[in-house]
Amino acid sequence: MKLANGIDVDSIVPENELEEEIIEDIKAGRTKEVITRCPPEPSGYWHIAHAKAWTIDFDTAIKFGGKTYLRMDDTNPVKEEGEFSDSYMDDLAWLGYKPYKLVFASEAYFDDIYKIAEQMILDGKAYVCELSAEEVSATRGTLTEPGKESPYRNRTPEENLKLFHDMRDGKFADGKATLRAKIDMAHPNMNMRDPVMYRVLRAEHYKLGNKWCIYPMYDFAHPMEDALEGVTYSLCSMEFRDHRPLYDWFIENGWKKPFAPKQREFSRLTIENVLIGKRYLKQLVKEGYVNGWDDPRFPTLVGVRRRGYTANAIKQFVKSTGWGNVLEVTVPYSALEYYVREDLNKIATRAMVVLDPLKVVITNLEKSEEIEIENNPNDENSGKHKAVFGKEIYIEREDFSLNPPPKYNRLVEGGIVRLKGAYIIKCNKAVLDKDGNVDHLECEYLPETKSGEDNSGIKCKGTIHFVSKDNCFKVTIRQFKNLIKEEYKNPAKALSEGTAISEILEPNSLIETTALAENFLKDAKVEDKFQFMRKGYYCVDKDSTKDNLIFNSTISLKDGFKPNK
RNA sequence: AGGGGUGUAGCCAAGUGGUAAGGCACUGGAUUUUGAUUCCAGCAUUCGUAGGUUCAAGUCCUGCCACCCCUGCCA
């Protein structure tokens with residue numbers, strides 16, 4: 001069986017219940033084309049958890065050759081700010097998604113939604129209620145007791161229509177009237193107890209200005225927007241489960257046409273040790289704990305992108321957490337890191353950078369020699385780049401030890417170690433300064449051990465990286481620790497329980513240092529990703545200047561060194 | 001007896017009556033000119049719990065327990 005776009009449904013392997021349902025719908029002729037919608041509310045910056053929703057919205061449609069509308073669900077003028085409504089396009093493009101069309105619900109659908117409301121009034125399905133917000137709340141009942149019907153519930157359709165027009169025409173002050181759906185005040189599902197469809201609200205809408213003084217509520221507007229747009233599957237997070245009966249009620253009593261969009265729900269994603277609540281992130285930006293919404297320590301998409309995480313890693317990660325069938329799934333941060341390393345390992349160019357230099361003099365070397373470094377040993381096509389082995393070089397201070405721990409296979413006095421891509425060297429002497437610290441090393445190289453041409457038979461346990469004095473330059477390194485202290489697995493909960501935000505933050509989560517990088521890195525551009533061999537993955541930060549290249553530490557390499565085993 | 005949802009390893013998660021996939025994490029070991037990568041092996045005698053049906057139950061039935069969501073004119 002083929003879809004209109006030529007895709008053979010029988011060749012599609014469903015990966016979750018929704019996809020199974022879609023296949024059934026297609027086979028039964030209920031669905032001709034899979035259309036989804038991605039509805040970010042333009043009121044904040046997008047983070048990793050949003051990426052899960054977007055991935056589901058887009059990938060579900062892509063899998064069936066369908067399309068996805070990007071829809072600004074801007075039904076509340078007091079929450080939405082134009083300031084925030086732009087970055088989603090960049091984020092989406094970064095993730096590799098292209099919306100079929102961008103629509104602003106306010107501009108595109110408010111008129112139609114209004115007309116549907118009028119018809120529902122005429123059908124006796126909606127009424128204008130003049131109870132105050134407090135009174136509505138007081139008459140809603142409780143979880144275990146039914147609510148009371150509004151005294152305005154039995155007005156005639158004609159009366160309701162006139163009053164609704166009065167609402168639209170500004171004859172009611174804010175909060176003085178609402179349009180309510182006439183369902184059932186005793187319904188066990190609280191959402192069905194005559195929910196508000198429209199409220200009177202005088203606020204400047206960032207798109208429509210003061211065109212309206214009434215705004216539809218999400219529960220009413222969303223199913224109507226879906227229906228008007230032809231969305232077949234409206235995917236949202238699990239907390240809307242209880243709203244589904246209402247969604248279906250509005251489709252049946254408001255939309256009334258045979259085509260019915262379906263709301264289906266997936267689990268929200270949360271990550272241990274990551275603070276994701278918008279209002280907290282806002283506070284951190286405002287109070288200067290971080291340097292803006294794209295701070296590399298932030299879980300925002302612009303943040304992780306600047307940190308050096310790849311779009312592919314983010315997508316693979318969110319997919320790995322599944323569709324879910326509970327409110328939210330919580331996964332450890334290491335699950336995310338796995339996908340970041342996996343992707344970077346494939347694409348990052350290898351380079352030698354010494355973060356904490358220790359000078360080494362190669363006493364028996366006359367002149368500098370050119371060497372070659374593989375750009376990526378896991379990728380045959382990545383090529384090599386040139387580096388230099390010189391008389392004066394720098395190695396990582398931690399790669400030499402006067403008192404080596406067990407199993408230490410780096411340099412020790414009298415010992416040997418291989419310099420990556422160059423020769424094996426032997427340490428003859430550690431020269432100490434007046435405080436007893438190692439000032440520099442005097443080593444000799446073993447000429448017959450050149451990398452790739454070594455027939456000496458000399459066995460050497462360790463290999464370390466280095467840079468030569470005449471082939472390196474100084475760069476700035478930004479090392480990050482997790483913003484949130486390790487012990488706060490659920491920082492939002494700690495905050496909601498009254499813990500101060502300053503208490504849960506890791507002190508010194510940003511440390512700026514300098515390092516010596518091989519000259520090869522001089523041409524690096526913003527967002528270029530590298531593996532500093534034996535250290536970790538780094539990418540060029542946008543703060544870099546011509547004279548000061550800044551690298552963000554994306555993530556360290558795994559360290560399997562176990563001195564005690 | 002408000003309604004809805006969920007219980008499978010430290011975490012995520014397949015499983016749709018036929019004898020517990022996979023991934024993360026972890027632990028061994030092999031390879032390695034990155035202590036990375038890669039590879040190989042180990043990691044639930046049992047699926048919240050107590051019964052029941054069945055030749056056979058994580059899957060079906062009944063009771064119980066635990067956790068999550070719902071009382072905005074937010075989305």
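Below, all heavy atoms of this structure are taken into account, side chains as well, without hydrogens, waters or symmetry copies. In what follows, chains carry the letters A, B, and so on, assigned in the order in which the sequence lines appear, proteins first and then strands, with residues in each chain numbered from 1.
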**Request:** Verify the neighbour count for atom CD of A:Glu17: are there more than 12 heavy atoms of other residues, nucleotides or ligands below 6.0 Å?
**Result:** no
**Message:** Protein within reach of the bases, or only the backbone? For nucleotides 64-75 of chain B, mark each nucleotide 5' to 3' as B, S or -, using heavy atoms under 4.0 Å.
**Reply:** ----SBBBSBBB
**Message:** Across nucleotides 32-41 of chain B, 5' to 3', mark each nucleotide with B, S or - according to how protein heavy atoms within less than 4.0 Å reach it.
**Reply:** -BBBSB----
[atom1] spacing across the pair [N] / [M], given as an integer number of angstrom:
| N | M | atom1 | value |
| --- | --- | --- | --- |
| B:G51 | B:C68 | P | 28 Å |
| B:G58 | B:A9 | C1' | 14 Å |
| B:G7 | B:A13 | C1' | 13 Å |
| B:U34 | B:C47 | C1' | 42 Å |
| B:U49 | B:U6 | C1' | 15 Å |
| B:U31 | B:C24 | C1' | 24 Å |
| B:A14 | B:G23 | P | 15 Å |
| B:A1 | B:C65 | P | 14 Å |

**Request:** Would you mind pulling out the nucleotide paired to B:U6, Watson-Crick or G-U wobble, both distances under 3.5 Å?
**Result:** B:A66
**Asked** What is the base-pairing partner of B:A41, counting Watson-Crick and G-U wobble geometry with both distances under 3.5 Å?
**Response** B:U27
**Asked** So do A:Asp73 and A:His222 actually touch side chain to side chain, heavy atoms under 4.5 Å?
**Response** yes
**Prompt:** Within a strict 4.5 Å, meaning less than it, do heavy atoms of the A:Tyr233 and A:Pro261 side chains meet?
**Reply:** no
So which heavy atom on [X] is nearest to which on [Y], and how close?
| X | Y | answer |
| --- | --- | --- |
| A:Asp57 | A:Cys38 | OD2-CA, 3.5 Å |
| A:Ile56 | A:Phe266 | CD1-CG, 3.6 Å |
| A:Val128 | A:Asn160 | N-OD1, 3.0 Å |
| A:Ile113 | A:Tyr198 | CG2-OH, 3.3 Å |

For the pair made of [atom1] in [X] and [atom2] in [N], what is the distance, rounded to whole Å?
| X | N | atom1 | atom2 | value |
| --- | --- | --- | --- | --- |
| A:Gln316 | B:G22 | CD | C1' | 15 Å |
| A:Trp323 | B:G23 | CH2 | P | 24 Å |
| A:Met192 | B:G4 | CE | P | 13 Å |
| A:Lys319 | B:A13 | NZ | C1' | 17 Å |
| A:Lys489 | B:A25 | NZ | C1' | 12 Å |
| A:Leu336 | B:A25 | CG | C1' | 14 Å |
| A:Glu15 | B:G22 | CD | C1' | 13 Å |
| A:Phe266 | B:G5 | CZ | P | 19 Å |

**Message:** Counting the atoms with a prime plus P, OP1 and OP2 as sugar-phosphate, which does A:Glu135 contact under 4.0 Å by heavy atoms, base, sugar-phosphate, or nothing?
**Reply:** nothing
**Prompt:** Where does B:G72 land, syn or anti, once you apply the within-90°-of-0 test for syn?
**Reply:** syn
**Request:** Could you give me the CA-CA distance, side-chain angles and deciding distance for A:His205 and A:Lys211, then say whether side chain to side chain contact (heavy atoms under 4.5 Å, CB included) is met?
**Result:** CA-CA 8 Å; A:His205 191 279; A:Lys211 180 178 178 190; over 6 Å; no
**Request:** Take the angle between the ring planes of A:His385 and A:Phe520 and call it parallel below 30°, perpendicular above 60°, tilted in between.
**Result:** parallel
**Request:** Spell out, as yes or no, whether a donor-acceptor pair under 3.5 Å connects the side chain of A:Arg180 to the backbone of A:Thr178.
**Result:** no
